[in-house]
Amino acid sequence: MNVRVFRQPCYFAEAVYLLYSFVNHISYVQDYSRVTRGLGRFFDNDCDVTARRVELLDQITEKVTLNMNPDDERLRYFFAILPGTDRKTCCCLAQVMLVNIAVDAADVDDFAAKLLRDFNLMQDSGVEINDMNAMGLVMDLQDPSEPKESLGVQLERLPCSVEAKWSLLRVLTDYEAHLKELTELVRPVAEKLREEMTPLVELNQSVLNRWTEYFEVHTVDDFEREMFNTKLPFLQEDTPEELWLSVWSFNMFAWWTEWLGDENNPIQMAYIGMCIRFELAAKRNKRPDEETLSAMLKVLGSKDKLEILHRCAQKPCSAGKLAADMNLNSGTVSRNLYSLYKLGYLSPKGDGERVNYVTRLETIQQVFCWVMEYVTEES
């Protein structure tokens, strides 16, 4: 596969995450230590170089925000953690507005223009909000065969406070005006980042070189399977003509991928947090950590999700058919399908007209093998 590498950061996206940490008083060194204590095997084990990169994040943040006030009203409006969210879902309005990450747009205005273009395209086609996580909203294009739900109805299901839902609704219904204001807040920070990030950009070149070599012989699906240290499926049946690759520094544990181009020239984009480990261990099919395993078991405790797995094990089912047969609304079915797919319980199969889902029985078997392995191992 041809890999096109973008060595200059996307300063708009970098500035958003720097300001998020600044406003919420998050230390990169402390956050790195917290995450790696629980999930150390997922991340780069070149400790000295990685530690230096993480220290630089705090140093650069201090220089860039030297004359800024983290309690400034407009900064807090866009960058303060949305109320009612927990550690896994906490995000801010600015992160919600990153509907894409244009790795080919280091310039702030170019980046903002692409954000607006892609948001408008999504709005024209209809937006389906599936989830909220620490990077923002998980949004997909709505299935044209399914009835549309208003943004208010979709936001009502998110794990955050009523106040946060109203803030999200205001941003999504007046996106262009909010984007203009956000761009003006980000611009001076991005300009300073261009000056201050030079040592970090230089350090990240070796990371980019290793990932470039990896993706020349592996697919993004290989990486996603390895990232979760299992054989669970995150399958894209299309093979891109080209992969665009960039490193994300101020969102150091992030992983963002999406498809660009058209059916004649499909491009897949990968934007990788600088602390994600290069040396991965998928081939060992190692048991995931306790938190991930608990999440996989929790899914099986839902009556509706169990019924979806049962029906999809009998024959492939589309979201529309499941909604009709189970007498559930399409939003509920879509959320359940997404969570089952994300954890590897379902595999999507296209038939030319719609996407059908098939239960992966081997995944269910593997989960219970992992449970037995966990509860019987010696302390």
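Values in this document were obtained by computation on a predicted structure and should not be read as measured data.
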>> Run the ring-ring contact (aromatic ring centres under 6.0 Å, His included) test against Phe250 and tell me which residues pass, sequence neighbours left out.
In response: Tyr28
> Taking the side chain as C-beta and beyond, is there a heavy-atom pair between Phe215 and Val220 under 4.5 Å?
Replying inline: yes
> Which word best sums up how the rings of Phe78 and His178 line up, parallel for under 30°, tilted for 30 to 60°, or perpendicular for over 60°?
Replying inline: perpendicular
> In the hydrophobic clustering (ILVMFWY, side-chain contacts below 4.5 Å, transitive), which residues join Ile81, or is it alone?
Replying inline: Tyr20, Ile26
> Is the number of heavy atoms from other residues, nucleotides or ligands under 6.0 Å of Glu62 CD greater than 12?
Replying inline: no
>> Pair Thr89, Cys160 - check side-chain contact (heavy atoms from CB on, under 4.5 Å), show working.
In response: CA-CA 8 Å; Thr89 61; Cys160 56; over 6 Å; no
> Would a hydrophobic clustering, with Ile, Leu, Val, Met, Phe, Trp and Tyr connected at side-chain separations under 4.5 Å, put Tyr341 with Val358?
Replying inline: no
>> Quick check: do Asn356 and Lys315 have side-chain heavy atoms less than 4.5 Å from each other?
In response: no
> Which atom pair, heavy atoms only, marks the closest approach of Phe79 to Ala94?
Replying inline: CE2-CB, 3.4 Å
> What's the verdict on side-chain contact (heavy atoms from CB on, under 4.5 Å) for Arg76 and Val23, showing C-alpha distance, side-chain angles and the deciding distance?
Replying inline: CA-CA 7 Å; Arg76 292 201 62 78; Val23 168; 3.5 Å; yes
> Looking only at heavy atoms, what is the nearest atom pair of Ala319 and Val333, with distance?
Replying inline: O-CG1, 3.7 Å
> Under a single-linkage definition using a 4.5 Å side-chain heavy-atom cutoff for Ile, Leu, Val, Met, Phe, Trp and Tyr, are Val299 and Leu322 assigned to the same hydrophobic cluster?
Replying inline: yes
> Quick one: CZ on Arg360 to CG on Leu309, what's the gap to the nearest 0.5 Å?
Replying inline: 12.5 Å
> Could you go step by step and tell me if Ser249 and Asn204 meet the side-chain contact (heavy atoms from CB on, under 4.5 Å) rule?
Replying inline: CA-CA 8 Å; Ser249 292; Asn204 284 342; 2.8 Å; yes
>> I'd like to check Arg74 versus Glu181 (side-chain heavy atoms, cut-off strictly below 4.5 Å). Are they in contact?
In response: yes
>> Give me each pair satisfying salt bridge (charged side-chain N to carboxylate O under 4.0 Å, His left out) with a member in residues 125-138, each pair once, sequence neighbours excluded.
In response: Asp131-Lys342
> What do you reckon, is CD of Glu258 surrounded by more than 12 foreign heavy atoms closer than 6.0 Å?
Replying inline: yes
>> In the structure I gave you, are the side-chain heavy atoms of Ile267 and Leu243 within less than 4.5 Å of one another anywhere?
In response: no
>> Restricting to side-chain hydrogen bond (donor to acceptor under 3.5 Å, both in side chains), what partner residues turn up for Asn329, sequence neighbours left out?
In response: Thr332
> Who passes side-chain hydrogen bond (donor to acceptor under 3.5 Å, both in side chains) against Asn69, sequence neighbours left out?
Replying inline: none
>> Could you tell me if the side chain of Leu56 sits less than 4.5 Å from the side chain of Val54, heavy atoms only?
In response: no
> Nearest heavy-atom pair of Gly344 and Thr363: which atoms, and what distance?
Replying inline: O-OG1, 2.9 Å
>> Suppose we screen for ring-ring contact (aromatic ring centres under 6.0 Å, His included). Which residues come up paired with Tyr11, at least two apart in sequence or across chains?
In response: none
>> Has Gln95 got a side-chain atom pairing as donor or acceptor with Cys92's backbone, closer than 3.5 angstrom?
In response: yes
>> Going by ring-ring contact (aromatic ring centres under 6.0 Å, His included), name the residues that satisfy it together with Trp244, two or more places apart in sequence or in a different chain.
In response: Phe6
> Side-chain contact, heavy-atom cut-off 4.5 Å: Ser318 with Val355?
Replying inline: no
>> If I take atom CG from residue Leu179 and atom CE from residue Met97, how far apart are they, to the nearest 0.5 angstrom?
In response: 5.0 Å
> Which residue pairs pass the salt bridge (charged side-chain N to carboxylate O under 4.0 Å, His left out) test with at least one member in residues 196-209, sequence neighbours excluded?
Replying inline: Lys63-Glu196
> What residues, two or more places apart in sequence or in another chain, satisfy ring-ring contact (aromatic ring centres under 6.0 Å, His included) together with Phe22?
Replying inline: none
>> Do the side chains of Asp109 and Arg187 get close enough for a salt bridge, i.e. N-O under 4.0 angstrom?
In response: yes
> Can you list the steps and then say if Trp255 with Met135 is a side-chain contact (heavy atoms from CB on, under 4.5 Å)?
Replying inline: CA-CA 9 Å; Trp255 163 246; Met135 293 178 67; over 6 Å; no
> Mind checking whether Trp248 and Tyr17 have parallel, tilted or perpendicular rings, split at 30° and 60°?
Replying inline: perpendicular
> Sequence neighbours excluded, which residues qualify as side-chain hydrogen bond (donor to acceptor under 3.5 Å, both in side chains) partners of Asp110?
Replying inline: none
>> Restricting to non-hydrogen atoms, name the atom on Asp58 and the atom on Ser27 that form the minimum distance, rounded to 0.1 Å.
In response: OD2-OG, 3.2 Å
> In the hydrophobic cluster built from side-chain contacts under 4.5 Å, what are the other members alongside Tyr338?
Replying inline: Val138
>> If you define the side chain from C-beta out and look only at heavy atoms, does anything of Asn209 sit under 4.5 Å from Arg7?
In response: yes
>> Once side-chain hydrogen bond (donor to acceptor under 3.5 Å, both in side chains) is applied, do any residues pair with Asn327, and if so which ones, sequence neighbours excluded?
In response: none
>> Restricting to non-hydrogen atoms, name the atom on Gln154 and the atom on Ile129 that form the minimum distance, rounded to 0.1 Å.
In response: OE1-N, 2.6 Å
